[in-house]
2 protein chains.
Amino acid sequence: MLEQAIFQATLDELVASGYARLSMEAVAAGAQTGKAAVYRRWASKEELVLSAMRAMLPPVGPVPDTGSLRGDLLELMRSARSAMLSLPGSAVRVIMGELDQERARPFLGLMHECVMDPGKAAVLEVLRRGTGRGEVRPEAVTPLVADVAPALMLYRAKMQGPPTDADVVALVDEVLLPLVRA
Amino acid sequence: MLEQAIFQATLDELVASGYARLSMEAVAAGAQTGKAAVYRRWASKEELVLSAMRAMLPPVGPVPDTGSLRGDLLELMRSARSAMLSLPGSAVRVIMGELDQERARPFLGLMHECVMDPGKAAVLEVLRRGTGRGEVRPEAVTPLVADVAPALMLYRAKMQGPPTDADVVALVDEVLLPLVRA
DNA sequence: TCATTAGTGAACGGTTGCGTTCACAACTGT
DNA sequence: ACAGTTGTGAACGCAACCGTTCACTAATGA
């Protein structure tokens, strides 16, 4: 289907060129169609990218419940890593990287809604469950603490490249567990 | 001096348009000079931006030594916040935001050398001093832990806008101190 | 004063991309 | 078969920008 091909090409272009330099011409070429077909559906680059992101970001999965805090955090972070390394995840990283720029500001709401808020909610749920088991000190269950893992993963991915599974284990064992334990 | 004006305009343009869309014409116009004068000194946009960043980033200040871990961390993070909110700091954030893109890859070395490595070294020194005082558990003195603060500050700045002093205090008290304490 | 250097503003030829239009072909549904 | 819809590839006029060149002016130093 043509719309699917256009969305796919949009994400490819985002990852290759960033939002700032993404061009409708390149997207149309990547989808093997003409500009007219793209403009018939979306009036602007912004509209197209918003639609492509909404359509291509996977639904949020269930919050893991392994019976232990470490187990939950590991599963959550492995799932986050996996999302990060996917095409939609890579496109999200591009957009987030450009959020300091005025041009990408319209994407802030989408990033909150589809990426950050669900991720934060999942971490908070795991932490709450941990307080019930006496594994987590209650004062650690805050939005700020819940932001530590995504922040670190994004930052380290920029500095060193894609995170490994060992990176995920280190994040949980060296940062998250010491930070939240009772 | 003309070079100073060109560097200033370069940073202004970085913050306004990002690296991807920064143009030599806009830089020249911002410096109230002509393209020929810019090209006489720098062969490319990359060269210009590398030079401007090297010239305009302030030297790293001394590592605070207040006598207490909390005091040191607060001073360090206040200083980081202040740097972040400056023009060079804003330009650094733009470059870092684009590091996932091939085009900005040449800046990775500079970012490590002038921004990340010195910041990390300062945090590690403060932590090491804290182990000496029995305030910090020795296993917390790692590069990963030292990345928590910059990562969180950048992430939160994107999500919510410029950090306040209260944000800095919360970062120290809710995240850093619980994370590293003995 | 004169020679040299540097800067200015404009212009050049070329590239990329925008948003739009168009003639024609292909597809779909009645 | 016919009418309506959609897509294709090309073209349009315009804008922005590139890297370079140029005639002239201004500044500097001997």
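The figures that follow rest on heavy atoms only: side chains count, while hydrogens, waters and symmetry mates do not. Labels below follow one simple rule: chain letters A, B, ... track the order of the sequence lines, proteins then strands, and each chain is numbered from 1.
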Contact check, residues 18-38 of chain B vs DNA chain D, heavy-atom distance under 4.0 Å, returns B/Ser23, B/Met24, B/Glu25, B/Lys35, B/Ala36
Hits for salt bridge (charged side-chain N to carboxylate O under 4.0 Å, His left out) against A/Glu46, two or more places apart or cross-chain, chain-then-number order -> none
Solution key, residues 52-65 of chain B side-chain donor-acceptor pairs under 3.5 Å, sequence neighbours excluded:
residue	atom	partner	partner atom	Å
B/Arg54	NH1	B/Glu113	OE2	3.3

Atom pairs and distances, donor-acceptor, side-chain atoms in residues 18-28 of chain B, under 3.5 Å, two or more places apart:
residue	atom	partner	partner atom	Å
B/Arg21	NH1	A/Ala20	O	2.7
B/Ser23	OG	B/Ala26	N	3.1
B/Glu25	OE2	B/Lys35	NZ	3.1

Whole-Å distance, A/Leu2 CG to D/dG9 P, equals 12 Å
Name each donor-acceptor pair under 3.5 Å that joins a side chain in residues 121-128 of chain B to protein atoms two or more places apart or in another chain, with its distance.
residue	atom	partner	partner atom	Å
B/Glu125	OE2	B/Arg129	NH2	3.2

Going by atom type alone, with no hydrogens or angles, which donor-acceptor pairs under 3.5 Å involve a side-chain atom of residues 175-182 of chain A and a protein atom two or more places apart or on another chain?
none

- Is any side-chain N or O of A/Arg41 closer than 4.0 Å to OP1 or OP2 of D/dG7? yes
Taken to the nearest whole Å, CZ/B/Arg40 to C1'/C/dT8 is 12 Å
B/Glu13 CD to D/dA16 P, in whole Å, measures 14 Å
Is the shortest side-chain N to carboxylate O distance from A/Arg105 to A/Asp100 below 4.0 Å?
-> no
